[in-house]
Protein chains: 2
Amino acid sequence: MAKVTMADVAKEAGVSKSTVSQYLNKRYEYMGHDTKKRIEEAIAKLGYQPNFLARSLKQKRTSTIGIIVANIMHRFSTEVSRSIEDFFHEHDIHAIVCNADDNPKKEKKYIEMLRAKQVDGLIIFPTGKNIALYESMIKENYPVVFMDRKIEELNVDTIAVNNKESTYHAIKHFIEAGHEQIALITPPLTISSRIERVEGYKQALSDHNLTLNPDYLKSVEIPAIQSELDKMFSLSKSPTALLAGNDLVLLEVLAFLKEKGIKVPRDLSLIVFDNLSFAHISEPTITAIIQPAYEMGKKAAELLLAQIMKENVTTPTEHIFEGRLIVRKSSEGYLFSK
Amino acid sequence: MAKVTMADVAKEAGVSKSTVSQYLNKRYEYMGHDTKKRIEEAIAKLGYQPNFLARSLKQKRTSTIGIIVANIMHRFSTEVSRSIEDFFHEHDIHAIVCNADDNPKKEKKYIEMLRAKQVDGLIIFPTGKNIALYESMIKENYPVVFMDRKIEELNVDTIAVNNKESTYHAIKHFIEAGHEQIALITPPLTISSRIERVEGYKQALSDHNLTLNPDYLKSVEIPAIQSELDKMFSLSKSPTALLAGNDLVLLEVLAFLKEKGIKVPRDLSLIVFDNLSFAHISEPTITAIIQPAYEMGKKAAELLLAQIMKENVTTPTEHIFEGRLIVRKSSEGYLFSK
DNA sequence: TTGTATGCGTTATCAC
DNA sequence: GTGATAACGCATACAA
C-alpha cells in the first residue's frame, strides 16, 4: 500500500503540497522550523515514500542510465559494467544493465525499451547491426557512448582498447619464443575489435617474414570452435602456438585440449585475449592480454555524464586504451627439440 | 528530442488523444479503418515514441521487477538472474539487477530506490541484516520472493537448495574415500545457507564417528582465507580433504595451493559447493555440488509473478531444491599410502 | 515563508 | 466509433 502521497503528508502536517515538496528537495532555507518539524513527523507517521516516477515525469529526467552489454558472459563486460555503476552511484544515478546476448534484435528491443523508460543516456557495446537506430539517437543528440567496438560511420564517443597493437604484441611474443606455426581463433568478424585483432595477427606475421597459413586463422561461432580445432590439430603440421580471441573462445580451447590430451605449454603455447578469473591460478597459469576494464568503464561513464549534463561538450572522439600482456606459464617452455 | 507526444500525433492525425491511446493499446475493435490508418501514418511521420513513465504513473504498474543480488561475483547469482530475466521477458516484464555487494547498507538503498521507482516486485538474495525493512514490505503485501537464504522470522516465499543434505553428501563422499581429516572453509556464518552447510558437515562427521576438529572448520571473510589456510596447512596433521564453501572461497583455495605447491588430488582432495565456469576443464577437473540455478530462478519468477497478479495466492512457503554432486578428478585418487 | 494553479504524457470514464 | 475531461503524484512559477 505505498499509496500514501504528498497530499496526505500535507494534510497530516497541515501545510500545502508545495511546502512538502520544498522539504523533500531540501530547500529548507526559508522554511519555518516548526513547519519543517511537522512535515518530518507526518512523513514518519504515514511512512511516506516519494514516487520517483511522478518526479521524473515532471522533471524530464530519470536519474537512470542504461548499459547494453553485448554478452554478459564475458568477464570484461562484467568488469566494465561494475566500474560504470560505481561511478554513477557516486552521482546518485542508477545504472541498469541489459544483456543483448550478441543478438541485434534484442539489442534493438532493449534500446527502445530503455528509451521509452526515459533513461537519461546509454552506454552500448554495439552488435553493429542496428546502424539506423544508432544514427537516429545520435542525430537527436541523445547521450550515448559506445564501448569496445567502433562503428566507422558514426560520429560518437567510443571507448576501446588498442586491439591491433595488443595482438601484434602477443604474436610477437610467440615469434620471439621461436614459434612459426601460430594460430588465432576468434568469433565471427562482425565487429571492429575482432577484425583489429586479426589485423594485428597478420601484421605481426608479415613483419617477421612468416607466411599466413589460412588453416591457422579461424573466425567461427563459439559452438563451432571445437570442430574447427579438431581440423586444425589434424593437420600434418599443426600449430605450436595459439591465441584465443576472447575468454569464451579460451574455454572452448581448453576443453578441446583437455579432451585430446594436448598439454600446455609442452605441446602448445597459449595466450588469451581477455580478462579471466582463473588465469593466475589455473595449471598452468595462462598468459593473457588484459584490458584496463575499470579505467575504460570510468571513462565511458564520464563521457556520458558530460553529455547528459551538457558540460564540456567535446566533439565525439575515440578513446583508445592500452592492453597489457601478462606473461605466465602457458606461453613458456615450449620444447622445440621435438 | 523525443519530445513528440501523443497530443502531437493526435493533432497530426486529426483525432483526439483518447483515440490515439486506444490505438496504442490495440483496442482497434471499434475503430474506423480510416482513423487507424491516419494514426499509423502520423506516428511514422513524427517518429513518436510512447512515454512509459507517464503510462506507469497512470496505471500504477511499471512492468518492471527488481533483482537484488547479494554478490554478483558468484556464478550462481548470475545464472539465477539470467533465468529470472528470461522468464519475465516472456511476460513483457523488464528485470533490473542490482548488486548489494554483501553490504546491508547497499541492500537497503537498492530496495528503497527500486520501490521508489515503483517496481512491481522484488526478488532478493537477502543479506539478512535489514529485517525491519523486509518485514515492512511483507506487511504491506508488497510482492517479494527471497532467494538462497532463509530468514527465520519471516513469512515469505523463499527459494533455496538443500544445503545441509548436499554438504552431508559431499563430506560422506570424502569419508567413503577414506578421508578422516576433512576441512570446510566458508565465509562468515551470517546467512542460513552457510550455517546449513556447516551443519551438514558436522552431521556427516558425527554420523561416521569422526570427531570435529575445530582447526579444520573456518568461517572467515574472503581476504582472510589464505592466511587461515596457511595455519591449517602448518598443523602437524593437516587436512587431506577440503570442501570450499562457495566459488569465491575456491578461488582463494586454489591460489593458496598453487603457491604452496600442494597438488590436487595427490596431496589434497577438493570439492567446491557451487557452480563454476571452469570446473570441467581445469587441471585437475573439480568435483562440485551444483545448484539447479535455472530451475530455482524460474520458480522464484513464477512465485513473484503470481504475487504481482494476485493469482494462485498460496501462503508463503519454502521451496527447496536438490543440489547435485558432480564427481570429478579433484576428489579422486588421494594416495593414502604415504 | 507558504499556498495556488498549472502542467508533465498517459489512461480511464463517460458522454456524444 | 470518437472525444472531452479528469485523474496519476509531483514540481514550479507566481501570488500572497
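Since the structure is predicted, the reported quantities are computational estimates derived from the model, not experimental observations. Just so we're on the same page: letters track the sequence lines, and every chain starts at 1.
- Between the CG atom of B/L53 and the P atom of D/dG9 there is a distance of 14 Å, rounded to whole Å.
- When heavy atoms are screened at a 4.0 angstrom cut-off, B/V15 is found touching the sugar-phosphate backbone but no base atom.
- Atom-to-atom, CZ of B/R55 to C1' of D/dG9 comes out at 18 Å; the value is rounded to the nearest Å.
- Here the nucleotide nearest the side chain of A/P50, chosen from D/dC10, C/dG3, C/dT10, is D/dC10.
- Judged by distance alone, the side chain of B/S83 and the main-chain N or O of B/K298 form a donor-acceptor pair under 3.5 Å.
- Toward the 5' end of DNA chain D, the nearer of the two residues B/G32 and B/Q59, judged by each one's closest nucleotide, is B/G32.
- The side chain of A/N25 lies closest to D/dA11 when the candidates are D/dA11, C/dG9, D/dC10.
- The shortest distance between the side-chain N/O atoms of B/S21 and the OP1/OP2 oxygens of C/dT11 is below 4.0 Å.
- Nucleic acid contact for B/Y48: sugar-phosphate only, since backbone atoms but no base atoms lie under 4.0 Å from a heavy atom of the residue.
- For A/T19, the side-chain atoms get nearest to C/dT2 when compared with the rest of C/dT2, C/dG9, D/dC10.
- Counting non-hydrogen atoms under 4.0 angstrom, A/K60 reaches the backbone sugars and phosphates but no base.
- By the 4.5 Å heavy-atom criterion applied to side chains, B/H94 and A/I96 are counted as neighbours.
- Side-chain nitrogen and oxygen atoms of B/Y23 include none within less than 4.0 Å of the OP1 or OP2 phosphate oxygen of C/dT10.
- Below 30°, between 30° and 60°, or above 60°: for A/Y134 and A/F146 the angle between ring planes is above 60°, a perpendicular geometry.
- With salt bridges taken as basic N to acidic carboxylate O contacts below 4.0 Å, none links A/D148 and A/R194.
- The CZ-C1' distance, from B/R61 to D/dA7, rounds to 20 Å in whole Å.
- One finds a salt bridge joining A/E140 and A/R115 here, because a Lys/Arg side-chain nitrogen approaches an Asp/Glu carboxylate oxygen to under 4.0 Å.
- OP1 and OP2 of C/dT1 both lie 4.0 Å or more from every side-chain N or O belonging to A/T35.
- Taking atom CG on A/L57 and atom P on D/dT12, their separation rounds to 13 Å, with Å as the unit.
- A donor-acceptor contact under 3.5 angstrom links the side-chain atoms of A/S18 to the base of C/dT4.
- Computed from coordinates, the A/K3 NZ to D/dC10 P distance equals 14 Å when rounded to whole Å.
- In this model, a side-chain donor or acceptor of A/K58 finds a partner on the base of C/dG7 within 3.5 Å.
- The distance between atom CG of A/L24 and atom P of D/dC10, rounded to the nearest whole Å, is 8 Å.
- Rounded to whole angstrom, the span from the CD atom of B/Q22 across to the P atom of C/dG9 amounts to 20 Å.
- To the nearest angstrom, C1' of C/dG7 lies 14 Å from CE of A/M6.
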